[in-house]
Number of protein chains: 2
Amino acid sequence: MVLSAFENSRRALSVVDLVKRFETEMNKTTVYRVLERLQDDGELHSFTGKDRLKWFAKYHKPDSNNTTMTHPHFQCQDCGKSKCIPVDIAIPSLPNHRIDSSHLLFIGQCDDCLA
Amino acid sequence: MVLSAFENSRRALSVVDLVKRFETEMNKTTVYRVLERLQDDGELHSFTGKDRLKWFAKYHKPDSNNTTMTHPHFQCQDCGKSKCIPVDIAIPSLPNHRIDSSHLLFIGQCDDCLA
DNA sequence: TTGTTATTGCATCTCAGTTGCATTACTTTT
DNA sequence: AAAAGTAATGCAACTGAGATGCAATAACAA
């Protein structure tokens with residue numbers, strides 16, 4: 001039910017949004033816990049938006065030639081909407097460091113707001 | 001004074017850390033406001049850590065052939081320390097979108113924790 | 001000195017996210 | 001079917017980062 005809010009798209013939803021969307025049907029805490037469960041099950045993945053809010057989106061399996069563990073996300077500075085960017089980002093090399101994952105957020109204007 | 005906590009390095013400090021470090025000398029609110037001012041003056045820049053905390057570091061002017069507006073940061077998953085990565089990341093192309101800036105965080109193990 | 005503006009302190013608020021605990025729903029076992 | 005165990009939900013309260021309003025002090029200018 002919560003899952004169906006994500007449709008099949010690359011569209012991401014903030015937790016705050018989801019809590020509000022389901023406030024008549026279910027408790028805030030439940031929404032948080034369902035999201036966590038769906039993430040553990042590999043149905044969803046989460047990331048942090050520009051406003052430091054938690055966002056969720058459908059999990060997409062990475063390409064085999066995947067270079068970043070986490071794909072980048074885009075967030076519109078005007079409408080606030082966010083989505084996945086189906087692209088790989090090369091991991092920068094940092095001497096004597098090991099990089100395991102990444103949080104990559106690109107900010108700008110989305111198609112709707114540019115139109 | 002707050003500024004001097006950053007030395008001249010690429011080392012970043014979380015606001016929470018700075019508030020604690022200066023709690024005898026100055027008020028929490030003042031720390032927040034000084035940091036904001038230093039950011040406006042171009043002395044510091046800020047980003048979001050993996051734990052969704054606000055971090056600050058010295059501002060480094062970008063190269064002329066700069067491709068990302070914001071350089072990436074690294075955060076150690078073990079000790080939590082964070083630093084700037086002096087590297088440019090190519091901006092991915094997203095059809096019909098305009099990308100202005102980015103929040104790029106790579107997570108892994110730092111030199112100290114690997115040693 | 002007096003008037004003006006910038007800086008700090010303190011208290012309070014906001015709000016996302018978490019936790020503890022009781023309650024309900026759902027399974028499994030006898 | 002009843003009892004026992006496990007998972008899912010609701011509710012209230014808590015936590016902690018960050019923001020805000022306002023009064024008090026400091027710095028500066030006329």
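Each chain gets a letter, A, B and so on, in the order its sequence line appears, and its residues count up from 1.
- Look at B:R52 and you won't find any side-chain N or O under 4.0 angstrom from OP1 or OP2 of C:dT18.
- Atom pair A:E23:CD and C:dC15:P shows a separation of 14 Å (rounding to whole Å applied).
- If you take CE of A:M1 and P of D:dA8, they are 16 Å apart, rounded to a whole angstrom.
- When heavy atoms are screened at a 4.0 angstrom cut-off, B:V19 is found touching no nucleic acid atom at all.
- B:D17 has its CG atom 15 Å from the P atom of D:dG16, to the nearest Å.
- Regarding B:D41, its CG atom lies at a distance of 9 Å from the P atom of C:dT7, rounded to whole Å.
- Side-chain atoms of A:Q77 do not come within 3.5 Å of backbone N or O of A:Q109 as any donor-acceptor pair.
- Residues from residues 24-36 of chain B that place a heavy atom under 4.0 Å from any atom of DNA chain C, listed by number: B:E25, B:M26, B:N27, B:T29, B:T30, B:R33, B:V34.
- Remark: P of C:dT7 and CG of B:D40 are 11 Å apart, rounded to the nearest angstrom.
- Without hydrogens or angle criteria, A:S9 side chain to A:R11 main chain gives a donor-acceptor distance under 3.5 Å.
- At least one side-chain heavy atom of B:L104 sits less than 4.5 Å from a side-chain heavy atom of A:F106.
- Here D:dA17 presents its P atom at 10 Å from CG of B:D51, a figure rounded to the nearest Å.
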When the side chains of residues 36-57 of chain B are checked against the rest of the protein, which donor-acceptor pairs come out under 3.5 Å, sequence neighbours left out?
unit_1 : atom_1 : unit_2 : atom_2 : d
B:Q39  : OE1    : B:S46  : N      : 3.1
B:Q39  : OE1    : B:S46  : OG     : 2.8
B:H45  : ND1    : B:A57  : O      : 3.2
B:H45  : ND1    : B:K58  : O      : 2.9
B:H45  : NE2    : B:H71  : NE2    : 3.2
B:H45  : NE2    : B:H73  : NE2    : 2.9
B:D51  : OD1    : B:L53  : N      : 3.4

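- Under the rule for a ring pair (Phe, Tyr, Trp, His ring centres under 6.0 Å), A:H103 has no partner lying at least two apart in sequence or in another chain.
- At distances below 3.5 Å, not a single donor-acceptor pair connects side-chain atoms of A:T70 with backbone N or O atoms of A:S101.
- Atom P of nucleotide C:dG17 and atom CH2 of A:W55 are separated by 11 Å, given to the nearest angstrom.
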